[in-house]
Amino acid sequence: MKIDVVDVGHVYPGPSSRRVLDGVNVALTERRIGIIGANGSGKSTFLRLLNGLIVPSEGRVEVDGLDTAKKAREVRKKVGFCFTDPDSQIIMPTVAEDVGFGLRKSGLPKDEQRAKVMALLEHFGLAGHADHPAHLLSGGQKQLLAMASVLITEPTLLVMDEPTTLLDLRNAAMIGRVVAELEPAVVLATHHLYLLESFDRVLVFEGGHLVADDAPGPAIATYRRLMEAA
Amino acid sequence: MRSLGLYVPGDSFLHRAPAGAKLLVLLVFGVATVFLNQWPGVTVALVVVLGLYAWARIGWRMLFAQIRPLWALLLFVAVFHTWVSGPVRAYEVLGALIALVLAAALVTLTSPVSAMVDAVVAAARPLRRLGADPERIGLMLTLGIRCVPLMAVLVREVSEAQWARGAQRSVRAFAVPLIVRALRQADALGESLVARGVDD
Amino acid sequence: MTAQRSTSRDLALIAIFAGVMAALGLVPAIYLPLTPVPITAQSFGVMLTGAILGGRRAAASMTLFLGLVAIGLPLLAGGRGTIGVFAGPSVGFLLGWIVVAWLIGVLTARAGAPYRLPAGIGINLLGGVIVLYAFGIVGMLLRTQMTVPAAVLANAPYIPGDIVKAVLAAVIAKGVHTAYPGLLRVRRPARARA
């Protein structure tokens, strides 16, 4: 897995034309990458560049050599995305159906699809809820479901946008443990800084610029200085 | 899905019959009621439908619940036809109407929502040549089912916020934030549809 | 912004507004002074959906909503559902929702941004009252074999409430378009790009 972000800037179109990213250059190969920054620093936009949800207005983003602007579909097959609010991510009415949604075009027979879904739900401790309505799960369970729904298609990279912001500390820590054991590479943005302590590399965004790129300890220290100075 | 819908669980023959077959029979029955305009035929239709309710073990209360919302209008129609052309005509018109309403309701009462979605998708398959996309129709129905609880939560949150601000009597102070939040929710849902490969 | 992205967003908008219609079915009926007939919020939802989503998406949203009712979700005001309602006397109103949402949507989109209240009220009255009642009355005639005057009389008590709803839907639509711009295309100035 290799991500190249080359001279990327982004301006949201429209009457207010906000510039949210400017002159970002970075190459990512590590398995666990953290992203931190204040609200509005550009980190959400940066994450959405990685699976082609947003095509940059300047520069280019490549995932394993695939340009996200030209090969969006292939890129999305490799790169799964978890949003902050699992409620807007759950598509199907029941837990098992939602996880199975990602397999609907896999060509696998129905019973094999179900078996794969059940194995993954078992792994996430959701097997007992397989046929329950997804909207009745707890917040932590919903976020697990959202992750399972993405992981069923076996992406090589999982991008997560503040997956613990809506959760209590116990559930946030639980998601942290689950993330640590995941098979694919992970790019995770969060305000829960302790989740990043064991990560390989942490990027700090401020005002649309990449202002620090370091090991977790020094990067988090830089971020704290920035926040306390402002 | 069990928490939504009007499905009455059971294991009668009607419950076990495929939803698509029940819809087909209903369609035939609907066409037949157009020609059902004499009192003996209407009576037979009513007896058959009531018999089917008994067979499916669906109680009187559930049966009446299907007609209750219509009572004011049915009364109006009854008075009108009795006055204009006599009680027999009124019975024929109302009887045929009630028989079809009850028969149609029986299909949904004995079929789980997921079975109905599958039946609709299957029924749309022959229409593929006309440009219909059965899988997309199924996706839309399930997305719609998903959005019902989603919006119910938004309604609760917005009315709580309105309460907290002491403005609970204004329709505008309720509806504008509700719709704006619904639009934001749609943006997020649209984004996650893309992320999960719906545009394939 | 590629065409594909707007398609997924369209799907989401269509589904969410079917959910809005369902939510409006939960709103308790409002009783106006002088009329004994309660006002339910759903025909208001039809006008609002048209005024916000535009014709194609609004019609799709109403179709989806009615589809959900048909497969057995109790989403009509008062917890009604099942295909039975399509065999009932109000079938004209229900199918009329699709046409009315489309008509209001097309006319509102043509009027463009910024949303103007007088035009919005006029469009809602045309669609949500005149056209909708035409559909509703034809449906009732077909299902109950009454005469035209009798069918009109049966529906007359609901008309004042629907006029209020048409005005209210325009007021709310204006509020929504102000808070969430971008759904309507900006009107060109009269002599621009000459």
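Neither the backbone nor the side chain of C/F65 has a heavy atom closer than 4.5 Å to any heavy atom of chain B. Heavy atoms closer than 4.5 Å to chain C are found in the side chain of B/L139, but not in its backbone. Interface residue C/T147: backbone and side-chain heavy atoms are both found under 4.5 Å from chain B. At a 4.5 Å heavy-atom cutoff, the contact between B/L141 and chain C is made by backbone and side-chain atoms alike. Heavy-atom distances place the side chain of B/L26, and not its backbone, under 4.5 Å from chain C. There is no contact between B/V84 and chain C, counting heavy-atom distances below 4.5 Å. Using a 4.5 Å cut-off between heavy atoms, C/M21 does not touch chain B at all. The contact between C/L168 and chain B is made entirely by side chain atoms (from C-beta outward), counting heavy-atom distances below 4.5 Å.
Between B/D187 and C/R9, at least one side-chain N (NZ, or NE/NH1/NH2) sits under 4.0 Å from a carboxylate O, which counts as a salt bridge. Between C/D162 and C/K165, at least one side-chain nitrogen of the basic residue sits less than 4.0 Å from a carboxylate oxygen of the acidic one, meeting the salt-bridge criterion. B/E191 and B/R196 are not joined by a salt bridge, as no carboxylate oxygen comes within less than 4.0 angstrom of a charged side-chain nitrogen.
Looking at C/V171 and B/V176, their side chains never come closer than 4.5 Å, going by heavy atoms from C-beta outward. In this structure the side chain of C/I159 never reaches within 4.5 angstrom of the side chain of C/N155, judged on heavy atoms.
Ranked by heavy-atom pairs shorter than 4.5 Å toward chain C, the options B/L189, B/L97, B/V180 are led by B/L97. The choice from B/R89, B/R184, B/M116 that makes the most heavy-atom pairs within less than 4.5 Å of chain C is B/M116. In terms of heavy-atom pairs under 4.5 angstrom with chain C, the leader among B/L178, B/I179, B/I67 is B/I179. For the set C/P89, C/A179, C/A173, the entry with the most heavy-atom pairs within less than 4.5 Å of chain B is C/P89.
Between atom CD1 of residue C/I104 and atom CG of residue C/L125 there is a gap of 9.0 Å, rounded to the nearest 0.5 Å.
Results of the side chain to side chain donor-acceptor pair (under 3.5 Å) test with B/T110 over B/K22, B/R16, B/H15 single out B/K22 as the only residue that passes.
A donor atom on one side chain and an acceptor atom on the other are found under 3.5 Å apart for B/Y91 and B/T43.
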